[in-house]
Amino acid sequence: MTGLTIATICARGGSKGLPRKNVRPFAGKPLIVHSIEQAQACAQITGVYVSTDDDEIAAVAGAAGAIVPYRRPTELASDEASKLPVIEHLVQHLEASGLAIATVVDLQPTSPLRTAEDIAGALAVFAETTAELVVSVTEPSHNPYYTLVEAQPDGTLALSKPAAFARRQDAPTVWGLNGAIYVWQRAAIARAVRDGFWSVAVRAYAMPRARSVDIDDRFDFELANWLYRYTLNPDSED
């Protein structure tokens, strides 16, 4: 399919883990602005579109150069609403206005440590494979073959993914979704909404753990701030 490559950012106003996190100052600017600027720095992306229900988020995003075409409907802004229908709603709105969209790069606003190079890298995987979706991943701190356990019906514990591997290095490589980047083939979004996330052909783009923090609560925020100041940007004065 021919068409544009756009970035979408879904940022609602409500947040129980860290109130107002999407506009909370991080490294000198509101958190969401980091994602907007990363998308703007990626040459393949033609426009950055924000779906929000919140006037302050909309104002901050607009001032940073993103397009906020509407306020998200209430039914798509609750704690129970999943993100895929939100993306589909936004893309359908843009298509109705005349845009021809081929690729959607969804960026989580709570992943400020990703880079424009990470986005370009995920787009390269998408272009070079038959993927309908490329997701950013990182090496997990726990391995389901050795350290993750589940409670059994009788209350005892068993490995989450049992297998007969005598050595850790013999086990299959596992990845953890870090939520930072999702590169979607446009047509695959509607199918994933209908049939589920894993109903499409998925490939991985690997990121280091230091750039994979997803800010959900105060601990995540402080960890990301420390990584930014002392590991990823040690010359920063923020």
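Residue numbers start at 1 and run along the sequence shown. Side chains included, hydrogens not; waters and symmetry mates left out as well; all remaining heavy atoms used.
Taking Ile, Leu, Val, Met, Phe, Trp and Tyr as members and joining any whose side-chain heavy atoms lie under 4.5 Å apart, directly or through other members, the hydrophobic cluster of Leu76 also contains Val86. Think of Val149 as one node in a network of Ile, Leu, Val, Met, Phe, Trp and Tyr side chains linked at under 4.5 Å; its network also takes in Leu157, Leu159.
Other residues, nucleotides and ligands place more than 12 heavy atoms under 6.0 Å from the OH atom of Tyr70.
Cys10 pairs in a side chain to side chain contact (heavy atoms under 4.5 Å, CB included) with only one of the listed residues (Ile87, Val50, Leu107, Leu90), which is Ile87. Checking Arg71, Lys21, Arg20 one by one against Asp54, the salt bridge (Lys or Arg N to Asp or Glu O under 4.0 Å) holds for a single residue, Arg20. The residue from Val104, Val135, Thr103 that alone fulfils the side chain to side chain contact (heavy atoms under 4.5 Å, CB included) condition with Trp184 is Val104. Considering Arg186, Gln185, Arg191 in turn, Arg186 is the only one that fulfils the side chain to side chain contact (heavy atoms under 4.5 Å, CB included) rule with Ile189.
A donor-acceptor contact shorter than 3.5 Å is absent between the side chain of Glu117 and the backbone of Cys42.
Side-chain atoms of Asp214 and Thr110 include a donor-acceptor pair closer than 3.5 Å. A donor-acceptor contact under 3.5 angstrom links the side chains of Arg114 and Ser35, judged on distance only. A donor and an acceptor atom, one from each side chain of Ser160 and Glu150, are located under 3.5 Å apart.
The hydrophobic cluster containing Trp175 does not contain Leu148, counting ILVMFWY residues as joined when their side-chain heavy atoms lie under 4.5 angstrom apart, directly or transitively. The cluster map of Ile, Leu, Val, Met, Phe, Trp and Tyr, joined by side-chain heavy atoms under 4.5 Å apart, puts Val105 and Val68 in the same cluster. A continuous path of ILVMFWY side-chain contacts below 4.5 Å connects Ile36 to Leu123, so both sit in one hydrophobic cluster.
Cation-pi check for Arg203 over Phe126 is not met; the charged atom does not lie both under 6.0 angstrom from the ring centroid and within 45 degrees of its normal.
Between Asp79 and Arg12 there is a salt bridge, since at least one side-chain N of the basic residue sits less than 4.0 Å from a carboxylate O of the acidic one. Between Glu88 and Lys83, none of the side-chain N atoms (NZ, or NE/NH1/NH2) sits under 4.0 Å from a carboxylate O, so this pair counts as no salt bridge.
Smallest separation of non-hydrogen atoms from Met207 and Asn178: SD-ND2, 3.5 Å.
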